[in-house]
Each structure stands twice: as C-alpha cells, then as structure tokens.
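Note sheet for the following structure.
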Amino acid sequence: MSTLVVLWKEILDNLRDRQTVFYALLFGPVLLPLLIGGGLVASLKQATVSFEHPAPLAVRHADRAPNLMSFLHANNFDIENAPSDIEGSVRNSDVALVLEIPDEFSEALRRAQPAPLIVYVNDGDKHSAKEARKLNAVLNAYSQTINALRMQHRGIDPSIFNSIEVRLEDVSSDGFRGQILASILPFLLIVAMVMGGFYLAIDTTAGERERQSLEPLLSLPIARYKLVLGKFLAVLFFVGISSILTAISLYLVFQLLSPEAAGGILSFDAQTITKAWLLASPLVFFISAVLMTVAATTRSTKEAQTYLGLLMVFPMAPFFILQFINIKSAGLTMSLPMLSQYQLLEQIVLKDQINPVYVALSVTGTLACAALLYLLAVRLYSREKVL
Amino acid sequence: MIVAHDLGKTFVGVPGQPKRKVVAVQSVSFNAADGRITGLLGPNGAGKSTTLRMLATLVTPDSGSAHIDGHSVTDNVLTVRQHLGFMPHNAGIYPRLTTRENIRYYAYLCGLDRKTTAARVDELVQLLEMEKFADRRTAGFSQGQKTKVALARALVHRPQTILLDEPTNGLDVMATRGLRKIIRQLANDGHCIVFSSHIMQEVAALCDEIAIISDGNIAMTGTLDTLLDITGKSSLEDAFVTAIGGEV
C-alpha cells in the first residue's frame, strides 16, 4: 500500500517537472529516433539507386537515337525534352541530368566506331549524381547488348571476352549497412530508457536529499524497502514508458524505409519491433536499478548528474564494440545485460535464427543484475549516511 | 512521553577527512512529559539535531537508550514512528505538490484511509490557518507558509509526541507568534512536545521545561525558575551562559 502511495506521488510530482517529462517522453522517444533513425533512413534512401521507379530524363536530340530511347524507356526512364540552357539548368538542379545525343552518334554507330554520348551531371547534387549512376548502368547495359550483337554477327562467341567472372558471395545476413541499421534499434531503445529514468532517479534520491525532504520522509512509519520499492517502481514506470514510445516511433520511422533500401533482408515490421521490445524489456528493470543505485550514492543532484552522465557511455559501449569487434555469441556474453540485448536485437532485425537458450540467459542474467542492484539501493537507503 | 538516558553518538568521517571521528552527542539524559513543552536549548553544534534524530529513529545511538511512550527507539522503530511527529529544521516539503497534496502524501504513508485523510487535511488546514494557500503548489511559499505545511505533515497521523527542530528559524515576528500559539495549543491538548532552539527568548516564552545542552552533554535541566535559582541569575541568557561554563 505505502509502496503504491510513493509510486503515485513520484509519478505525479515528476509529471509536473518539465525536465523529466521532456527527457522521458520527448527526447528519447521522439527526437532521437527522428534525428538518428530518420537521418540514417534518409541518407540510405538517397544513396540507393532504384531501377524500379520510373524517373524523368531530359534528352537533347532524342530523335537521333530512337533505339536507345526505347531501351531507356524500357528501363524506366521517361524521356523529356531538354531545356535550352543545359548547363545552367543542371547546375541549378532544375533537371537532374541531361543526355545529349551528338550529331555524329548514329553515323559512328553505323560504322561500328565508338559512338559518343554526353551526360551533363551536377556531382555536387546528390540526386543528380545518383541519377547519373543509374543512367550509366543502363547505358553500359545498352552498350554490352550492342557489343554482343556485333560479335555474334561476326560469328564470335561474346563470352570469349569475359575471361574472368568474379562472384561475390556475402555470407552475412546483410552487409555493413544492414549491420548499422540493425544495431540502431537496441542503441536507441537503450538510450531512450536511460534518458527516460535519468531525471526521475536523480529527483527521487539525490534531489529529495537536497530539498531536505528525505529526513521527515524516513521518520515515517514505513519500512525502508517499501519506500525504495515505490521509488524504484516510479523510475521503472518512466523507463518503461520511454522504451514503449521509442519502439512505436522507431516503427513509424522505419516504415519510411523501403525494403530495397535495406537490401530486403532487414525487417522492421510491427512483429519485429514487438519482439525486439520484449527481448529488451528486462533492461527496463536493470537500467532503473542502475539509475536508482548510482543516484542513491550521491550527495547532490549535481553530483548525481555527473555520475549518471558518465554512465551514459555504457549503453553506447556495446554499440561501438560490436561495430569494430566481432563477438561470438556465447554463454557469457549472452548473460550480460546490454551486450546480450544488443546481439539478440540485431539478430531479430537481421531475421537470424534466435537461440532460445540465449534468450533465457539474457533474461535471467539481466534480471539477476537488476535484483542485486535493487538490494544494494535498499542497503544504501538503510544507512544513516543517506541523510 | 520521552525518557532519554545517557544517549551518545559518534560520527566517523567529515568532508575531506574520512577517518576523523566527531563526537556529536556524548551523554544526553532528559525526560519530557505529556502536556508539557520541553525546550532543548543549546548553541550551534551542541548536539540538538543529532539528539532529535536519535529520538526520531533516523540515527541509531551508539550508547544509552531512549523510549517514546514506552517504546524503545532502537528495538521498536516502526511503533516509535507511529507515535512520533518529526519536523526537521528545514521544512523539506515538495515544491511541485500543493499544500494539501504534501499533507495527503504523509497521511497515506502513515496508513490513513481516504476518508480520514480528507477530514484530517481539512482540519489541519483550518487549525494552521492555511486556507489561502491550501491548493497552491508550495514552490515560492514564504518560510512561514512552508513551516506550517511541514508542521501539518508532521501532525497528520495524530502523533502523541512531537519533535520540532528549530521550528521558528527564518520566521518573522507574526509568524513566530502564530506558531507559538499552535504549539501551546498542542501541549494543552495533551501532546508531549520537544522543541530545539538556540534563541533564548523563544525558549523562555514557550517552554515549561528547559534542557540546556552543550558539547554533546546535558548541562542543566528544570523549569525556567529552577534554572534561575540554581545559577542565581535573573535572566535565562545569563543562566545559560553560566550553565555551559562561560563567564557572564
């Protein structure tokens, strides 16, 4: 009963604190996914060449190469007339590209000479550069088709010129890009959790001491462990809410991510995000306990902010470690809080098989650490020095 | 009722010197009866707050014993806290909660039900004349208003024994007079009140019994008249200085 009273009071009290509300409900869950997730998605979209979607292409003298035009059209280019000032309009990004067919093009083609084509591109404009890569690929294909036809015409097998054929087989579930995208999910979830409980944990412990409201509170007829439990549950509440909101906003952000941008191997659908949140949920307990315990050892809010600020490095550490070092999933690393969730969540996003033993290890390991830290917090609160 | 016998407390570690021992209270013995106001009078650093903290079960005494209404402060902690209302020297109220919410929080923590709490909060708002700021958040309250909220909180579970640590600190004349009236009323209602202060007039005006504390020891106890008789002085201030071993 008294635990619930403490829980209720701390929630009410801190919902009235702008700082807590901003960090718990806005910063972690909304701003971070938008800035980091959204930024990543946007840059991926920009760098990814889409051959499926029709795109306009400005061509000068399209009538000089009707076969090329139908080949381009078949490859999702909608041919348009080029503006009169070609260089100016490409430079000003009025059009992405201009393809010019010189006068001698058809003549050179007929005489089996290299036929010139001019592509005007603005390399400083990402969109223009991307469209140029796409056009180049299509023109190469056209050139190879003509080469093959010419050789066949002369009775030569076209493959004679392909002395080596390199086949690259990527055996990872996805490439580097997928890896980064996959690790962004645990990263953002964990950072949101820490930010969500950060100010509340400081306020209910060091803040209470600083306001000198702890002394009368501890003189009330209520057992210390109930008091600490109430405060812990309040931190837990905010950390939990933060993580749920973050999961939702990540889902929305990744809905913008078309499957081809992620190579079609990542999955960010509702089911994946739900599973990922469930796998990460033991961290809600662990992170709440860490925040409470660390804040309980400090004498002032300033001190608490310093220590917890340093602590913010921890959720980021696995992110960077896993970027540079390949850690083999093993019993030990799978029972460590944060490190295990990072690996499990990555596997979920990359649609790898998840070993149920690892899930069990991760959950028990994390909850056990949370319980130990909670007991430590109760001990800290039972000391006379807590005042 | 409070019976304190030979209480002692030594703290280890001060800022910058973690191993240094500080004797906060050496030997404090005094009794405080129901229906009377007992003043704990002493200079800064004499051990008043530590004594009150030991009585309030916040700090465990190293030596001696203390009983609140017959319950030991070391063995029956939760029972003692039921009998005790403690107001530390800073109000320590929650700035983002209203007056009523501050009081209600303590009422619920003390196990009062909703109905009793509502009635008790109304009663305290009236008793301490807090109608004007009862529904305002306490951030920005004057010291007098804060003290009233803190006192209401300490009284919410109708404790028999009330400990007040320098309650008039920072109050203006009118607020002090108002608080004195309330404290007197509580004593007349049969409560045992212990009141710490370093202000002579305060103690002389209000207390039925005075315990002079100096360097962690009780130097002298008795009514004002007794203290004046023993020391042969005409004012509490002179008696106090004599009692703590100074030159008048």
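Protein chains get the first letters and strands the later ones, always in sequence-line order, with residue 1 at the start of each. Here the structure is a predicted model, which is why all the values come from computation and not from measurement. Reckoned from all heavy atoms, side chains included, excluding hydrogens, waters and symmetry mates.
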Original post:
Which distance, rounded to the nearest 0.5 Å, do you find between the CG of B/L97 and the CG of A/L12?
Top reply: 6.0 Å
Subject >> chain A contact via B/T60 - which portion, at a heavy-atom distance below 4.5 Å >> reply: both
**OP:** Let me see the working for B/Y94 and A/S213 under side-chain contact (heavy atoms from CB on, under 4.5 Å), right down to the final yes or no.
**Re:** CA-CA 7 Å; B/Y94 299 102; A/S213 53; 3.5 Å; yes
Original post:
What part of B/R104 gets closer than 4.5 Å to chain A, counting heavy atoms only: side chain, backbone, both or neither?
Top reply: neither
Original post:
Under a 4.5 Å heavy-atom cutoff, which of B/L58, B/I93, B/L78 has the most pairs with chain A?
Top reply: B/L58
**OP:** Using a cut-off of 6.0 Å, state whether more than 12 heavy atoms not belonging to B/D69 lie near its atom CG.
**Re:** yes
Subject >> CZ (A/R379) with more than 12 external heavy atoms under 6.0 Å >> reply: no
Which pairs would a plain distance check flag for residues 227-238 of chain A, meaning a side-chain donor or acceptor within less than 3.5 Å of a matching protein atom at least two apart in sequence or in another chain?
{"residue": "A/K231", "atom": "NZ", "partner": "A/E10", "partner atom": "OE2", "Å": "3.1"}
{"residue": "A/K231", "atom": "NZ", "partner": "A/T204", "partner atom": "O", "Å": "2.7"}
{"residue": "A/K231", "atom": "NZ", "partner": "A/E208", "partner atom": "OE1", "Å": "2.4"}

Subject >> Student check: side-chain heavy atoms of A/L4 and B/Y108 closer than 4.5 Å >> reply: no
**OP:** Determine whether more than 12 heavy atoms belonging to other residues, nucleotides or ligands lie under 6.0 Å from atom OH of A/Y307.
**Re:** no
**OP:** List in chain and number order the residues that pass salt bridge (charged side-chain N to carboxylate O under 4.0 Å, His left out) with B/K9, two or more places apart in sequence or in another chain; answer none if no residue qualifies.
**Re:** A/E384, B/D62
Original post:
Can we say B/R96 and A/D203 salt-bridge, meaning some charged N sits less than 4.0 Å from an Asp/Glu carboxylate O?
Top reply: yes
Original post:
When only pairs under 4.5 Å are counted, which of B/H157, B/R153, B/R137 shares the most heavy-atom pairs with chain A?
Top reply: B/R137
**OP:** Can you check whether anything in residues 215-226 of chain A gets within less than 4.5 Å of chain B, heavy-atom wise, and list it by number?
**Re:** A/E215, A/P216, A/L217, A/L218, A/S219, A/L220, A/P221, A/I222, A/A223, A/R224
Original post:
Is B/E123 atom CD crowded by more than 12 heavy atoms from other residues, nucleotides or ligands, each under 6.0 Å away?
Top reply: yes
**OP:** Go through the structure and list residues passing salt bridge (charged side-chain N to carboxylate O under 4.0 Å, His left out) with A/R16, not counting sequence neighbours.
**Re:** B/E101
Original post:
Within a radius of less than 6.0 Å around CZ of A/R383, do more than 12 heavy atoms belonging to other residues, nucleotides or ligands occur?
Top reply: yes
